[in-house]
Amino acid sequence: MPSDIETFENIFLDLSRTPGRFRFAPSGMGWRPTTGEIWKMANTELSTAQWSRAARGYELKLFTRTMGIVQLDGFELDDLDRVKECLKAYYKVNLEHREHALKGWNWGKAEFSKSELYFNVANKPAFEIPFAEVSNSNLAGKNEVAVEFATADAGGGGTDEAGNKKKKKAAAQLDQLVEMRFYVPGTVKKGDEDAGSDAEGEEKEMSAANLFYDTLKEKADIGEVAGDTYATFLDILFLTPRGRYDIDMYESSFRLRGKTYDYKIQFENVKKFFLLPKPDDVHNMIVIGLDPPLRQGQTKYPFLVMQFKREEDMEFDLNITEDLLNEKYAGKLQMHYENPAHQVVSQIFKGLTGKRIITPSRDFSSHHQQSGVKCSLKANEGHLFCLDKAFIFVPKPAVFITFDKIAHITMSRVGGSVSASRTFDVTVSLKSSEGGGEYQFNNINREEQSSLEDFFKSKNLRIKNDLVDDSSALLAQALKDQDMDDDDDVAAARGSADEDEESVDEDFQAESESDVAEEYDSAHESSGGSDDEDGPGGEEDEDEEEDEEMRDAAVEVREDGPARKKVKTSKK
């Protein structure tokens, strides 16, 4: 028979970093760490208990009625009998000894219990997943289910059915398991309970992965009931992560429902909220900053970016009672909205999250009277917005830089050609205390230089302007390019004349005199008579004059080009 109090040293509660002292007593049990809060549980809370091998020795797992699963690790094998006697004498609970599978197989059978998901190998559990630690789940493929776990910095695992916050493990280790994926092949048959009495006994076939996903959502309480929503927005365009999602808003969280992925995000994880007019006079963007960021496999999204048309109006009624509205959201929300869609969504987010809406600074106006400038970050095109205390680049990758982290800003130009003079680059260098590094925003229109420079000066940011340093080199290069353009214009104006000078006239032989010149040559003997018959100073002079005229004609024919064919003529 155990004494009134049984004490065990060096016991870890829920994978805590530091050990503590654990005690059994008739009225209940408690755990006191060397530093931190004391944990207590009444004797009426305990339901069942299990003993198994664990990382730090042996583990006592307690299944409670309202407090979930409690894990106590660090027991010795010799403590088994004492623990078994205490549970039997104080709480009338039998201790179950459970052995784990040690085969190391990665395939087995999933079993859903009341509080945990068991992965069994050869009818022995390989590992267990408490439902309280599951923060989200998605269908990552046709036969693949992704399960995400609550991290120490994520503010716990959400809320349970009673509205209480789920118990957060005290792990907070440097390395934490954040996601696990299950491959669930095949199909299963499930009875159609919604088909009515006439369809009793009928079964429908569905994917085993879908059944696994639906069961996990129900057990882990990560799928909300539609009637609990305060507001639902359908088919909202998201630029980051890309796609269209339905937004369900609840009292303490909101959910994104897409074709492939679903996300549940606590309002306490929303750190910043932006409303940015896109510089195209057509769209507005809503940007939500998250900490910790949203995860999609190995990809993290610290910002959600939604896009709305400015002229899109929305009439909306909140799904909330007037008593609750006046009691909890007085002055924050209203029952009916009739405004542009981006204003309705932003006002409801503001009322539920309690975050103020951040808009672009009034101290900045671009050359085209816009709040942002078009630019590129690496290979991604987007827009850079100037806020009162920071810069933000959207949509992807979204970058937020506060002014107090900036060491200096460099305005420069890449290359020295005339085309480069139409754009310039802005490089934001961070302070060494912030880890150093820099962000380079490329291809900003040259017209935005003065407006950006004035804004930097108004915020007392250090500026290094390389655009002035290379002005002489740019001017010399521009003049050189202009001279080359002039030479090209002259060559183009001459047209085909230059080509004719270099081309070969197939009809004309340069080595021999033309046919016209031969026929009217003074030495040529005419068929009509001899030189003596003509006499001196008579027809001979006239023939010489004609010969000169024909030679001139032959020269003109050559200058006119090969397109004109020379005609052979004879004296009459």
Side-chain angles (χ1 to χ4, degrees), residues 239-240 272 274-281 283-285 287 289 302-303 305 307 358-475 477-478:
L239 303 182
T240 304
K272 296 185 181 298
F274 305 89
L275 180 59
L276 307 174
K278 200 172 182 179
D280 58 0
D281 293 325
H283 299 94
N284 279 76
M285 293 183 290
V287 183
F303 292 91
V305 183
Q307 180 171 284
I358 302 175
T359 56
S361 174
R362 296 182 179 180
D363 297 333
F364 176 78
S365 180
S366 70
H367 177 76
H368 300 286
Q369 308 303 314
Q370 299 292 337
S371 301
V373 296
K374 187 177 181 180
C375 61
S376 300
L377 180 60
K378 296 182 180 179
N380 303 290
E381 291 188 356
H383 296 88
L384 180 65
F385 292 90
C386 299
L387 312 178
D388 287 328
K389 297 181 180 180
F391 297 114
I392 184 170
F393 175 85
V394 288
K396 183 179 181 180
V399 176
F400 181 74
I401 311 171
T402 56
F403 293 158
D404 57 356
K405 297 181 180 179
I406 297 175
H408 63 271
I409 297 177
T410 304
M411 304 176 69
S412 60
R413 182 185 297 109
V414 177
S417 61
V418 175
S419 60
S421 66
R422 301 191 185 103
T423 61
F424 67 98
D425 304 333
V426 170
T427 303
V428 179
S429 301
L430 304 181
K431 296 179 180 178
S432 57
S433 58
E434 300 296 334
E438 62 183 23
Y439 296 95
Q440 187 176 66
F441 303 99
N442 305 318
N443 301 325
I444 303 176
N445 196 311
R446 187 68 167 77
E447 298 173 341
E448 310 294 350
Q449 178 187 348
S450 58
S451 56
L452 284 173
E453 195 169 358
D454 293 341
F455 178 78
F456 298 159
K457 292 178 180 178
S458 67
K459 299 301 179 181
N460 298 320
L461 298 173
R462 293 179 55 192
I463 305 174
K464 181 182 178 183
N465 196 340
D466 289 348
L467 296 174
V468 180
D469 299 338
D470 63 352
S471 59
S472 58
L474 181 63
L475 179 60
Q477 181 67 29

Once you round to the nearest 0.5 Å, how far does [atom1] of [X] lie from [atom2] of [Y]?
X: L384; Y: I444; atom1: CG; atom2: CD1; value: 6.5 Å
X: I409; Y: K464; atom1: CD1; atom2: NZ; value: 13.5 Å
X: K278; Y: N284; atom1: NZ; atom2: CG; value: 10.5 Å

| Contact summary for I392 and L276, nearest pair of heavy atoms |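 What the structure gives for the nearest pair is CG2-CD1, 4.1 Å.
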
| field | Closest non-hydrogen atom pair, F385 against P279 | value |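 Nearest pair, atom of F385 first, then P279: CZ-CD, 4.0 Å.
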
| task | Kindly write out the residues that satisfy ring-ring contact (aromatic ring centres under 6.0 Å, His included) with F393, not counting sequence neighbours, or none if the list is empty. | result |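 By the ring-ring contact (aromatic ring centres under 6.0 Å, His included) rule, F393 matches F441.
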
| Taking only residues two or more places apart in sequence or in another chain, which ones pass ring-ring contact (aromatic ring centres under 6.0 Å, His included) with F303? |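 Once residues adjacent in sequence are excluded, F303 has no partner under the ring-ring contact (aromatic ring centres under 6.0 Å, His included) criterion.
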
| field | Residue from V287, L275, L387 passing side-chain contact (heavy atoms from CB on, under 4.5 Å) with I358 | value |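 Of the listed residues V287, L275, L387, the side-chain contact (heavy atoms from CB on, under 4.5 Å) partner of I358 is L387.
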
| said: Going by the rule side chain to side chain donor-acceptor pair (under 3.5 Å), which residues pair with D280 if we only count those two or more places apart in sequence or in a different chain? | reply: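 Partners of D280 under the side chain to side chain donor-acceptor pair (under 3.5 Å) test: H283.
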
| said: Just to verify, what does D388 make a side chain to side chain donor-acceptor pair (under 3.5 Å) with, not counting sequence neighbours? | reply: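 In terms of side chain to side chain donor-acceptor pair (under 3.5 Å), with neighbours along the sequence ignored, D388 is linked to S361.
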
| Listed partners of D454 passing side-chain contact (heavy atoms from CB on, under 4.5 Å), at least two apart |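 Scan of D454 (side-chain contact (heavy atoms from CB on, under 4.5 Å), adjacent residues dropped) gives none.
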
I'd like a table of donor-acceptor pairs (distance under 3.5 Å, sequence neighbours excluded) in which one partner is a side-chain atom from residues 455-462, with atom names and distances.
{"residue": "S458", "atom": "OG", "partner": "F455", "partner atom": "O", "Å": "2.6"}
{"residue": "K459", "atom": "NZ", "partner": "D363", "partner atom": "OD2", "Å": "3.1"}

For residues 394-407, run the donor-acceptor check on the side chains, cut-off 3.5 Å, and write out each pair with its distance to 0.1 Å, sequence neighbours left out.
{"residue": "T402", "atom": "OG1", "partner": "D404", "partner atom": "OD1", "Å": "2.6"}

Donor-acceptor pairs under 3.5 Å, side chain of residues 368-379 to any protein atom, not counting sequence neighbours: which ones?
{"residue": "H368", "atom": "NE2", "partner": "E447", "partner atom": "OE1", "Å": "3.4"}
{"residue": "Q369", "atom": "OE1", "partner": "S365", "partner atom": "OG", "Å": "3.1"}
{"residue": "Q370", "atom": "NE2", "partner": "D281", "partner atom": "OD1", "Å": "2.9"}
{"residue": "Q370", "atom": "NE2", "partner": "D281", "partner atom": "OD2", "Å": "3.3"}

| field | E381, CD atom: more than 12 neighbouring heavy atoms under 6.0 Å | value |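 Not more than 12 within 6.0 Å, no.
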
| query | Do H367 and N445 pass the side-chain contact (heavy atoms from CB on, under 4.5 Å) test, and can you show the C-alpha distance, the side-chain angles, and the key distance before you say yes or no? | reply | CA-CA 9 Å; H367 177 76; N445 196 311; over 6 Å; no

| message | Go through it in stages, so that I can follow the logic: the residues are F391 and V426, the test is side-chain contact (heavy atoms from CB on, under 4.5 Å), and I'd like the CA-CA distance, side-chain angles, deciding distance and then a yes or no. | response | CA-CA 12 Å; F391 297 114; V426 170; over 6 Å; no

